[in-house]
Amino acid sequence: MTDVPLDDTFQFDAQGFIILRGVLDADRCSRYLAELDRLFEQTYDDAWLEAEGVRGQTTVQLTEGQRRLNGLPLWTDVFDDVISLQPVVDRLRAWMQAPQLVNTWAIDKTLGTPWGGWHRGLSPEDYSVRQGKVCTRMLNCVYLLTDNNPGDGCLATVPGAHKSQIPLPHQDYRGHELPGAVELTGQAGDVVMFSETLLHTGMPKTTEGHRTNLYFNYIDATYNPAMRELLAGNQGNVNHYVFPPEVRSRFDDTQRELTQWMEWQRTSPA
Ligand SMILES: O=C(O)CCC(=O)C(=O)O
C-alpha cells in the first residue's frame with residue numbers, strides 16, 4: 001500500500017468524490033467493452049427470483065435506452081483485475097475502515113435514456129472524519145469505459161452533499177432542479193470514487209453512441225449487506241453480490257481479501 005496524497009483525501013472529504021484520471025488504458029477499456037457486448041447478448045436464469053418471498057433485481061435490467069448487468073464476476077473473469085487496481089485499492093483502504101466488495105454492475109446508455117432519481121446508498125451518519133482519518137461505510141468506484149462528455153448521461157452529484165443532513169425531499173426533485181447539482185464529466189479510463197452518502201443520479205443521454213461504465217461498490221466490513229437488502233425489501237439482490245468458491249479461487253490475494261466476507265455466506269435461506 002502506498003500513501004495516498006493528502007490533496008486527494010482533502011478533495012474526497014470536501015466534495016464526497018474524486019476523479020482519478022487515466023487509470024485504465026485504451027486497450028483495457030476496449031477489452032472490457034468487448035466483454036460487456038458479449039455478456040449483454042447472453043440470457044440469464046434468474047430462477048431464484050421465482051422462489052416464494054424472494055425479491056430482487058434480475059441479472060439484466062432493460063429500461064428506456066439503458067442496459068444494466070449485475071454481478072459481473074459471476075459471469076466472467078475478465079473484470080477480476082478491476083478489484084485489485086492499485087490506485088483504487090490504496091484509496092479504498094485509506095478512506096474506509098475495512099473495504100469489502102458487495103455490488104458490481106455495468107450500465108450502458110444510449111440516446112433517450114432519461115434522468116435517474118436522486119439517491120444515496122447510506123445516510124450522512126455513515127460518513128465521518130476522526131483525527132484526520134476519513135471513514136465512509138460505503139464507497140462506489142465508477143470506471144469510465146467510454147468518454148462521459150456533456151450530454152452523454154453522466155453521473156451527477158451535489159458536491160459536498162455527502163454531509164448534508166438538511167431534510168430536503170431530494171427524491172422529489174428532477175435532475176438539475178436539485179440545488180447545486182453538477183455533471184461529472186470524464187474520459188475513458190478515468191475512475192470516479194464517491195462516498196455513497198453523497199446524493200447522486202444518472203443524467204439523460206442526449207447524444208449518439210454509447211456511454212458505458214462499470215460500478216464496483218464497497219461496504220465497510222462492519223456492515224451487513226444481507227440485512228441491508230432485507231430491510232430494503234430486496235433480499236434477493238445478495239445473489240448478485242456473493243461469489244461462490246469457484247469464482248474466488250481464481251482471485252489473487254488482494255481480490256480475496258477484498259471479498260473475504262463471501263467465505264461465510266450462502267444465497268439461499270438456511
Ligand atoms: O451513472 C449513472 O448513470 C448513475 C448510476 C447510479 O446512480 C447507480 O447505478 O446507482
Side-chain angles (χ1 to χ4, degrees), residues 15-20 23-24 29 32-33 36 40 56-72 79 82 101-123 126 136-159 161-162 164 170-178 180-207 209-219 225 228-229 232-234 237 240-241:
Q15 305 184 137
F17 71 90
I18 192 166
I19 306 180
L20 308 179
V23 175
L24 308 176
C29 290
Y32 289 171
L33 286 167
L36 284 175
F40 273 123
Q57 298 168 340
T58 51
T59 300
V60 173
Q61 296 174 288
L62 302 175
T63 48
E64 213 180 330
Q66 174 174 302
R67 302 182 294 181
R68 173 177 166 135
L69 177 69
N70 292 309
L72 302 174
F79 305 115
V82 171
L101 181 63
V102 276
N103 207 356
T104 56
W105 68 100
I107 294 180
D108 177 58
K109 287 185 183 178
T110 55
L111 180 70
T113 304
W115 279 99
W118 287 100
H119 61 286
R120 49 169 44 136
L122 289 181
S123 72
D126 291 306
T136 181
R137 293 184 81 200
M138 189 184 278
L139 203 162
N140 203 340
C141 307
V142 187
Y143 301 81
L144 280 53
L145 304 186
T146 58
D147 293 349
N148 284 216
N149 286 322
D152 282 344
C154 300
L155 199 63
T157 184
V158 178
H162 57 308
S164 174
H170 53 262
Q171 59 283 353
D172 297 345
Y173 284 72
R174 278 302 282 170
H176 279 308
E177 290 165 9
L178 190 69
V182 300
E183 179 176 38
L184 298 191
T185 55
Q187 304 308 300
D190 294 349
V191 178
V192 181
M193 296 184 73
F194 71 93
S195 167
E196 272 281 356
T197 72
L198 184 68
L199 290 171
H200 64 282
T201 186
M203 293 183 67
K205 180 124 171 56
T206 57
T207 55
H210 289 254
R211 190 235 58 177
T212 311
N213 293 344
L214 301 177
Y215 302 76
F216 279 59
N217 199 7
Y218 293 79
I219 58 163
R228 170 191 163 78
E229 295 304 328
N234 289 315
N237 283 356
H240 304 304
Y241 302 173

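We count ligands from 1, going down the list as the structure has it; atoms in each ligand are counted the same way.
- Under a cut-off of 6.0 angstrom, the local environment of CD in Glu64 is sparse, with at most 12 non-hydrogen atoms contributed by other residues, nucleotides or ligands.
- Aromatic ring orientation, Trp105 versus Tyr215: parallel (interplanar angle below 30°, classes split at 30° and 60°).
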Enumerate, one pair per line, all nitrogen or oxygen atoms of ligand 1 lying under 3.5 Å from a protein nitrogen or oxygen, stating the separation to 0.1 Å; write 'none' if no such pair exists.
residue	atom	partner	partner atom	Å
ligand 1	1 (O)	Arg211	NH1	2.9
ligand 1	1 (O)	Tyr215	OH	2.5
ligand 1	3 (O)	Lys109	NZ	2.8
ligand 1	3 (O)	Arg211	NH1	3.4
ligand 1	7 (O)	His119	NE2	3.4
ligand 1	9 (O)	Trp105	NE1	3.2
ligand 1	10 (O)	His119	NE2	3.0

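- Annotation: side chain to side chain donor-acceptor pair (under 3.5 Å) contacts involving residues 146-155, sequence neighbours excluded, comprise Asn148-Asn213, Asn149-Gln187, Asp152-Thr207.
- Between the side chain of Trp118 and the backbone N or O of Gly175, at least one donor-acceptor pair lies under 3.5 Å.
- In plain terms, the two heavy atoms of Arg211 and Lys205 that are nearest each other are N-CE, 3.6 Å.
- Nearest heavy-atom pair, Gly180 versus Pro159, reported as atom, atom and distance to 0.1 Å: O-CD, 3.7 Å.
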